[in-house]
Structures are given as C-alpha cells and as structure tokens.
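The block underneath contains the structure these notes are about, expressed in structure tokens.
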Amino acid sequence: MALIMIRSVATSRSGFFKLKRSSSGIRAFSSLLTSPPSKAVVYERHGPPDAVTRVIEMEGVEVKEKDVCVKMLAAPINPSDLNRIEGVYPVRPPLPAVGGYEGVGEVLSVGSAVKHLSPGDWVIPSPPSSGMWQTYTVKEESVWHKISKDTPVEYAATITVNPLTSLRMLQDFVTLNTGDCIVQNGATSIVGQCIIQLARLRGIHSINIIRDRCCFSSKPLVFASSSSGVMSRFDKLNSKLPLLFFAIEFLPRWNSIRLAGLHLQSTSSFRAGSDEAKEMLKRLGADEVFTESQLEVKNIKDLLTNLPEPALGFNCVGGNSASLVLKFLRHGGTMVTYGGMSKKPITVSTSSFIFKDLSLRGFWLQKLMNSDKVNESRNMIDHLLCLAQEGKLKYEMELVSFDDFHTALDKALGKLGSQPKQVLKF
C-alpha cells in the first residue's frame, strides 16, 4: 500500500486554504487520483502585492473525472495580476487565492472522462484562469488549450493576454486596409510592441507616442552636485518624475542629480532614454515615434509627412496622452481605450465630437473571452504562436526562477527601475 505525506496546508478546488492535521502524519493512497504537493504564491487579503503575498507549500488536490492536472512551466507577472492582489481589478478570485492569470504547463495526469488531452501535452489556460503561480494546478479540461511544444516557453506563457489583446483590437473595431494608419500611446508596452508588429505585417502604418524618458543607474546616494562643487541634499524628497523634471529644467548648472537611489545624468539623459526607446520601436517596424513633449505643438498633424491620418487609435494611458491620440485621428476616427496607467480621466473637446465625429470605445479581454468568441480567440492564439516561432512577433522578457519570486515581484512593481516583463520559470 503506497503512502504519501500530508502537508500542513491544503487547498480545495475553490481555492480556499485550510490546515489539516493527522495523528499519524500519513494517509493511504486511495483509488482517487490526486495532484502532487504544490508550491504556490498566495494572498489572504488585498493590499500591496509585496506585503500580502507569500510562498507556501500546499497539499495535492483531487483530480476529478473531467479534470486535468498540469505541471506549470512558466507564468508571467502582469499588471492585471498585481491589480487583482491590490483589490482594484473589477473581477477578482475569492480569498484566499493563488496569484497569476496566464501561463503554460505540461499535462501530468488526466481524469477518466478527459478526451482531448494526454500526459505530456503543453497547454495554456484559454480563457485565462486564476491560480497560475503554483507548481501544479488542477482545472477542468475545458479551461485548457493545447499548443505546440515547439513554442518558446516564455512566449507560450505570455501569448494569451497582451498579444491577443493587440490582435483583437486591430481586427474588432475598424476595417483597416493596406496603407492605412493607426496611432497609439503606451507604445513600449508589450501590447504596443505587438500592435506595431502585427500592423506592419498587414502593411498598416503606425504612429507611436511614448513618455519622455531618462536613463537611471542604481547608485544609492541622495544628493545633487553642481559644476561649482556645491552639494544640495534632498533626503526628504521622494523620487516622483515631475520633481526630477523640475530640478533638471530649472537648475541647468547641475551636471547630475541622484535622488532616492536613482541617478539622472542631466537633460541629455532624458533625450538618450527616449532615443533608445524610439530606436527599439523603429526596429520592430514603427513608422513614427514621438515623445509627449514633442507633440506640444499647435497643429499636431503637421508632424505627419507621408502618412495618412489614422483611422484607429489605442489608448492605455489616459489624461493628456489620450488627448494626443485623439488629435491625430481623422474625421470619423475611433479611439479604443484598454487601460489607464496614468489614472487620469480622458477629456474630450466638444469639437472632437461635433466636427470630427470621433468615436470612443473600450476593450476588455476578459469579457470577450467569456463570450461566444472563445474558439475564434484560440485560433488567433495559434496564429500568434506561429508568428513567435517564426521570429515575426517578439518582445522583451526576463525568465526568473520561481524560487526568486520576490525579486521578480519587485521588478514588476518598478522598484528596480524599468525592467522587462517578468516571467516565472517553474
């Protein structure tokens, strides 16, 4: 009779955790199929992700007849994952919960009624599903979509949310033809990078708006130095970017500023940081890339040379950046909002509605994936994975061992400056 050890923490299929006790410390292996014990990132309350998450050991759970037990291979840390932990995302799993919403895994075992999956298959949750930040997870067969094992693991893990968002937005709102043009802000995001590449493959031009950037180093000193050697301390100031712009713009004699551990090398660093981002987007196929400050002109369309006015715009920032997207749009154009990183509202002039007849739409992938378009979206995912395998769709990521979760989390939270997408490797 086979025996397995009981772990101190167990999970039910609903995601709730409970302590289990046994006088003997062991139990018999029954005819029921169970998953192996799992290591998982859990949170029992909403709050700052670095404060409320912890990595724990969980006991295996029953694999029912329609279930599939998956050994996770990789899973990203997305902004929406952090929003769920913070409690600000519209749809959240019940607490306590395991973090993570997309990823890729290998089928370990299947229930007796599973028809289309076998051990060894690679699968992704489609629609995305909660609880991906753990070494083993059990969900019904209908949750999983089988993919090619030739796919690079980091792309398989990240294809379901950002690239699919890009493809759906390009196809779902306006009929675009070869030679047409789109405009977007947040162009350096993964969604933005994918939009550039997917549009380029269709012969569609792109105008891209990025924030003004600066080059950082991590020297942990807090002071500013002038060419005359005068030192000014800023220990009590925080490192908000507008303050840094103010210091550099109005104190031109200073060669450098070190503030809250971040080192800025004068205004030329802002240009250098922005130029680097522009070059990266141009390599992906962007036609035009502008910083927000470059667009502080009376007639924004004078900046366009051989490009047509965009019919479609994408906004993930809000505030002034969204207004810049609207200014580029042609008469009857449409702006689709899929995020609000600045946390500032979208302001639209009366003339934009009356004289330009602009349309404002919203996009939320989760709502779409819970509709009748699931199978269509799965076909799109297969197409995107083929593009990734062929090197026609690429974006920067960093694979990080699951054992280093808290370091990856700090990077995803922006504590260590601008970082690539963090992908946990199990």
Side-chain angles (χ1 to χ4, degrees), residues 74-84 89 100-104 124-126 128 132 147 151-171 182-201 206 208-211 213 276-286 289 313-318 321 325 336-342 363-366 368-369 377 380-381 383-400 408-409 411-414 416-425:
I77 302 177
N78 289 322
S80 56
D81 296 325
L82 304 179
N83 291 156
R84 286 183 178 87
Y89 202 76
Y101 199 61
E102 70 169 331
V104 61
I124 59 176
S126 176
M132 294 295 109
I147 64 169
T151 308
V153 68
E154 64 271 27
Y155 285 96
T158 57
I159 206 74
T160 311
V161 174
N162 291 321
L164 182 59
T165 292
S166 303
L167 184 56
R168 292 239 60 132
M169 290 197 302
L170 280 168
Q171 295 189 9
I182 62 95
V183 58
Q184 65 169 339
N185 58 28
T188 56
S189 67
I190 289 187
V191 171
Q193 293 177 51
C194 290
I195 284 174
I196 291 170
Q197 296 170 85
L198 294 172
R200 190 73 169 182
L201 288 170
S206 66
N208 302 274
I209 304 169
I210 63 174
R211 60 179 173 81
R213 283 165 163 73
E276 184 179 335
K278 289 181 180 181
E279 291 171 5
M280 181 269 288
L281 295 179
K282 288 290 186 73
R283 288 194 297 270
L284 294 178
V289 186
F314 302 112
N315 164 52
C316 67
V317 180
S321 186
V325 172
V336 179
T337 292
Y338 64 97
M341 292 189 294
S342 72
F363 179 86
W364 187 24
L365 181 66
Q366 180 160 329
L368 181 76
M369 293 291 282
S377 293
M380 287 182 166
I381 287 171
H383 170 64
L384 291 166
L385 289 172
C386 286
L387 293 178
Q389 287 178 256
E390 295 168 1
K392 296 178 180 178
L393 183 67
K394 59 186 72 174
Y395 40 89
E396 188 179 7
M397 294 169 283
E398 181 181 2
L399 280 169
V400 183
L409 180 61
K411 290 182 177 181
L413 289 169
L416 303 177
S418 179
Q419 299 287 336
K421 169 74 70 178
Q422 298 295 293
V423 181
L424 303 171
K425 188 173 183 179

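One distance of note links CG of Leu384 with OG of Ser377; it measures 10.0 Å at 0.5 Å rounding. Rounding to the nearest 0.5 Å gives a distance of 3.5 Å between CD of Glu398 and NZ of Lys411. Between atom CE of residue Met169 and atom CG of residue Leu167 there is a gap of 10.0 Å, rounded to the nearest 0.5 Å. Here the CG-CD distance, from Leu413 to Gln419, works out to 11.5 Å after rounding to the nearest 0.5 Å. Annotation: the span from Leu385 atom CG to Gln389 atom CD amounts to 6.5 Å, rounded to 0.5 Å. Rounding to the nearest 0.5 angstrom, the gap separating the CD1 atom in Ile190 from the CD atom in Glu396 is 9.0 Å.
Residues Phe314 and Leu170 are in side-chain contact: their nearest non-hydrogen atoms beyond the backbone lie under 4.5 Å apart. Between Val317 and Ile209 the shortest side-chain heavy-atom distance does not fall below 4.5 Å. For the pair Met132 and Leu424, the minimum side-chain heavy-atom distance is 4.5 Å or more. The closest side-chain heavy-atom distance from Leu281 to Ile210 is below 4.5 Å. Lys394 has its side chain within reach of Leu284: a pair of non-hydrogen atoms, C-beta onward, lies under 4.5 Å apart.
Among pairs with a residue in residues 161-171, those fulfilling salt bridge (Lys or Arg N to Asp or Glu O under 4.0 Å) read Arg168-Asp172, Arg168-Glu376, at least two apart in sequence or across chains.
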Pairs under 3.5 angstrom only: tabulate donor-acceptor contacts from the side chains of residues 157-165 to other protein residues two or more places apart or in another chain.
{"unit_1": "Thr158", "atom_1": "OG1", "unit_2": "Glu154", "atom_2": "O", "d": "2.8"}
{"unit_1": "Thr158", "atom_1": "OG1", "unit_2": "Tyr395", "atom_2": "OH", "d": "2.8"}
{"unit_1": "Thr165", "atom_1": "OG1", "unit_2": "Val161", "atom_2": "O", "d": "2.7"}

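Summarising the geometry of Asn185 relative to Gly318, their closest heavy-atom pair is ND2-N, 4.5 Å, with the distance given to 0.1 Å. Of all heavy-atom pairs between Ser166 and Val191, the closest is OG-O, 2.9 Å. Scanning both residues, Val153 and Ala74, for their nearest heavy atoms gives CG2-CB, 3.8 Å. Of all non-hydrogen atoms in Cys194 and Leu393, the two that sit nearest each other are SG-CD1, 3.9 Å. Taking each heavy atom of Ile196 and Gly285 in turn, the nearest pair found is CG2-C, 3.6 Å. Of all heavy-atom pairs spanning Ser189 and Gly186, the tightest one is OG-O, 2.7 Å.
Side-chain polar atoms of Tyr101 and Gln366 form a donor-acceptor pair below 3.5 angstrom. Asn208 and Ser206 are linked by a side-chain donor-acceptor pair at a separation below 3.5 angstrom, with hydrogens and angles left out of the test.
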Stepwise, does the side-chain contact (heavy atoms from CB on, under 4.5 Å) test hold for Thr151 with Val104? CA-CA 10 Å; Thr151 308; Val104 61; over 6 Å; no
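Atom NZ of Lys282 is surrounded by more than 12 heavy atoms from other residues, nucleotides or ligands within 6.0 Å.
Here Ser126 pairs with His145, Met369, Arg378, Ile381 under the side chain to side chain contact (heavy atoms under 4.5 Å, CB included) rule; sequence neighbours left out.
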